[in-house]
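Just below is one structure, and these are the notes that go with it.
Atom set for the values below is all heavy atoms of this structure, side chains included, hydrogens, waters and symmetry mates excluded. In the text below, chain A, chain B and the rest are named by the order of the sequence lines, each starting its count at 1.
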Amino acid sequence: MLCYDFFAMSNLEISKIFRNVAASYIIKNEKKFRFQIIAYQNASEIIKNLTSSLYETYKLGKLSEIPGIGQTIKSHLEELFKTGKVRHFNWVFKGIPNSVFILMEIPSLGPKKAFKLVKKFKLTNSDTVINDLKKISHLGKIAKMEGFGKKSEASLIRSINEYENQAGKLKKMNLPYALETANKIIEYLKRNEFVDQIEVLGSLRRKKETVGDIDIAISSKNPRSVIEYFIKYPFIERVIEKGRVSASILIFGGVQVDLMIQPRESYGSLLQHLTGSKEHNIKLREVALKKGLSLSEYGIRKAMKHKNILKTYDTEKKFYNAIGLEFIPPELRENNGEIELSMANMLPKLVELKDIKGDLHIHSSYPIEPSHDLGHDSIESILKKAALLNYEYIGFSEHNPSISKHTEKQIYEILAKRNDFIEHKIESIKNVRVFKLLEVDILPNGNLPINNSTLNLLDGVIVSVHTSFNLSRDKMTKRILNALLNPKAKILGHPTGRLLEERLGYELDWDLIFDFCNRNKKAIEINSWPKRLDPPPEIIKKGVENNVKFIINTDSHALEQMDLMKYGIYMAKRGWATKNDILNCLSYNKIYSWLKGGE
DNA sequence: GCCGTTTTCGGCCCGACTGTTTTCAGTCG
């Protein structure tokens, strides 16, 4: 069917269309369309970062609930979904070959340069445009163009090569990898005598699930020496740029590292500036402007008059206070309402790692003959580790025994035997209490593979989807609600099934899920596994607003993975959760009575 | 083209760096 193509249009594709609309306006008349450009760029970013499908949102009639999408863009989207095209965009794109947008993928090529090159050399074949440009650049023809030169030609050749080498592996880093990479660079920089204070900023400090590049801030009296030292980093591939107060390098593995330096007295404004997010900073500067203040990484000036008087701030707290705001935790800085709340001193007190009293999703090596993978370490060693982490309790939740290889009676016996084993081992580690749980598959029809008399051996179960991921939103929601209907099903494990940079999660009707969880005292897991970090913080935030309870688990399959709890905490913070929203901040007794069907 | 607890009209963040320029354009964050 013809209409299938645009129904299937992904958020990413639509985001690109909007980016191209903005680029076309830049090419046509940047001044005249200045604000349309901002609006479309903004919409493009927002759509790229949405956690649910734009098309689903359209079908539900909720497009106008998305910030950044107003009347005009909404009607363009409706036209796109109904007819597969937008007449207005056809006008915007007129005279601009598609190959321009392909060239823009190359770093250092923006809309204007890309358009100039396409026009000059008639590079209108989208499939070959990059190769065509590469050939031309080697002929020395670009250096002769107005506005270009020998240096820009050479840098273009390098950019094309880098782009071609990177193509296909343009994936972002997961948090642990990014943190480790950043720490190595920090260790190196700290050995320079002129480095005073130093910190990792950007999305890494905000604890985004994936990180594109590494931002580092330094306070120093001698930025020149620090930058010279920075570009001698042993694992450097090349210097991207190098200036008075900042520099960027590319290190092995294709990771970009940005460095900014300020004197100690301006360090607070530098931290604020480089932590972002971009959206947070823009909003913050708009708010400040209305109070007659102009913000930058240097400090605060009075807007308009007295442009030359700069007040500096050595800490972020002082900087925020100077605008009349309370300090905003980095995890909240996404322009999701944190600025408005901080003006009213109403920011939530976010959950901390030290608030966690136990971990309810651990796979031990106990021979449970599971449907999926077994854990690596023994129940006993896990209990010892839990004691080291000062946990009050722990939940063993191996995958359910496989139903294809066992009879119902055998499954019952395996679990009865595990109960005996656990109860015996508890004797040795008295200070850590144990919950006897299980991670049970949710079958495609929403049933559980384990019968109720066997489930009754357990304190409770985590139910998770491990197969048939591509059901419709409706069917998947029903499937999960059906599983949660079982009185023993207490926790919904890794609720969207997403794998970062690999697989999008399935769509769910969260309003229904939240409502059901509230009425039936079910909890939603925040899975700390760095590849999952599931659900996305945006969903956690919605849940928190709806008073839904969450449990932060590690889903550990080995001892050292029990330390991954901090990543779940990061996500909870990004989702605005306080310790009251997180069930495993409760004592053993409270969790016990919740599992037994109490409060 | 979006948006609103001083606004439904009149605003819209701020600066670094490179390369081509001799005062600025383009790109990036």
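Partners of Lys141(A) according to the salt bridge (charged side-chain N to carboxylate O under 4.0 Å, His left out) rule, which considers only residues two or more places apart in sequence or in another chain, do not exist here. Every residue meeting the side-chain contact (heavy atoms from CB on, under 4.5 Å) condition with Ser269(A), not counting sequence neighbours, appears here in chain and number order: Ser266(A), Phe319(A). Judged as a side-chain contact (heavy atoms from CB on, under 4.5 Å), and not counting sequence neighbours, the contacts of Asp314(A) are Lys318(A). Partners of Tyr298(A) according to the ring pair (Phe, Tyr, Trp, His ring centres under 6.0 Å) rule, which considers only residues two or more places apart in sequence or in another chain, do not exist here. Applying the side-chain contact (heavy atoms from CB on, under 4.5 Å) test to Lys283(A) and every residue at least two apart in sequence or in another chain returns Glu286(A), Val287(A), Asn335(A), Ile339(A), Glu340(A). Partners of Pro176(A) according to the side-chain contact (heavy atoms from CB on, under 4.5 Å) rule, which considers only residues two or more places apart in sequence or in another chain, are Asn174(A), Pro530(A), Tyr567(A).
Between dG29(B), dC13(B), dG1(B), one nucleotide has an atom nearer to the side chain of His273(A) than all others, and that is dG29(B). In this structure, of dG1(B), dG15(B), dC17(B), it is dG1(B) that holds the atom nearest to the side chain of Tyr25(A).
As a whole-Å value, the separation of Met260(A) CE from dG15(B) C1' is 8 Å. dT27(B) atom P lies 14 Å from atom NZ of Lys278(A), rounded to whole Å.
Taking atom P in both dG26(B) and dT21(B), the straight-line distance is 13 Å, to the nearest Å. dT18(B) and dC9(B): their P atoms are spaced 46 Å apart (whole Å). Annotation: dT20(B) and dA25(B) have their C1' atoms spaced 9 Å apart (nearest Å). On the C1' atoms, dT6(B) is 14 Å away from dG10(B), given to the nearest whole Å. Between dC12(B) and dT8(B), the distance separating the two C1' atoms is 16 Å to the nearest Å. dT23(B) and dC17(B) have their P atoms separated by 22 Å, with the value rounded to a whole Å. As rounded to the nearest Å, dC13(B) and dC2(B) have P atoms that lie 16 Å from one another.
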What donor-acceptor contacts under 3.5 angstrom involve side-chain atoms of residues 113-124 of chain A, with partners at least two apart or in another chain?
none

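The number of heavy atoms from other shown groups lying within 6.0 Å of CD (Glu180(A)) does not exceed 12. By the 6.0 Å contact criterion, CZ on Phe235(A) is open, its count of non-hydrogen atoms from other residues, nucleotides or ligands being 12 or less. Counting heavy-atom neighbours within 6.0 Å of Lys291(A) NZ, excluding the residue itself, gives a total above 12.
If you check residues 142-155 of chain A against DNA chain B, the residues with a heavy atom closer than 4.0 Å are Gly147(A), Phe148(A), Gly149(A), Lys150(A), Lys151(A), Ser152(A), listed by number. Of all the residues in residues 213-243 of chain A, Glu241(A), Lys242(A), Gly243(A) reach under 4.0 Å from DNA chain B with at least one non-hydrogen atom.
Between Phe33(A) and Phe35(A), the ring center distance fails the sub-6.0 Å criterion.
For the pair Ser246(A) and dA16(B), the criterion of a side-chain N or O lying under 4.0 Å from OP1 or OP2 is not met. For Ser294(A) and dC14(B), the shortest distance from a side-chain N or O to OP1 or OP2 is below 4.0 Å. Contact annotation: Ser248(A) does not reach the phosphate of dC17(B) (side-chain N/O to OP1 or OP2, under 4.0 Å). In this structure, Lys112(A) reaches the dG26(B) phosphate: one of its side-chain N or O atoms is under 4.0 Å from OP1 or OP2. The phosphate of dG1(B) has OP1 or OP2 within less than 4.0 Å of a side-chain N or O from Tyr40(A).
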Filtered N/O pairs between nucleotides 3-6 of chain B and protein, under 3.5 Å:
| unit_1 | atom_1 | unit_2 | atom_2 | d |
| --- | --- | --- | --- | --- |
| dC3(B) | OP1 | Gly68(A) | N | 2.5 |

Show me the protein contacts with nucleotides 10-12 of chain B, counting only N or O atoms at under 3.5 Å.
| unit_1 | atom_1 | unit_2 | atom_2 | d |
| --- | --- | --- | --- | --- |
| dC12(B) | O3' | Glu286(A) | OE2 | 3.3 |

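Residues His76(A) and Arg87(A) have side chains that never bring a donor and an acceptor to within less than 3.5 angstrom of each other. Looking at Arg205(A) and Thr275(A), their side chains do bring a donor and an acceptor atom within 3.5 Å of each other.
Base-pair partner of dT8(B): not found among the strands shown (Watson-Crick or G-U wobble, both distances under 3.5 Å).
Comparing Lys74(A) and Glu30(A) against DNA chain B, the residue whose closest nucleotide sits nearer the 5' end is Lys74(A).
Residue contacts for His88(A): at a heavy-atom cut-off of 4.0 Å it reaches the sugar-phosphate backbone alone, with no base atom in range. Residue contacts shown for Ile37(A) are absent, as no nucleic acid heavy atom lies under 4.0 Å away.
When each of Glu338(A), Glu334(A), Arg333(A) is paired with His280(A), the side-chain hydrogen bond (donor to acceptor under 3.5 Å, both in side chains) condition holds for Glu338(A) and for no other.
Counting only residues at least two apart or on different chains, the side chain to side chain donor-acceptor pair (under 3.5 Å) pairs with a member in residues 17-34 of chain A are Tyr25(A)-His88(A), Glu30(A)-Lys112(A).
Glycosidic torsion of dT6(B) falls outside 90° of 0, placing the base in anti.
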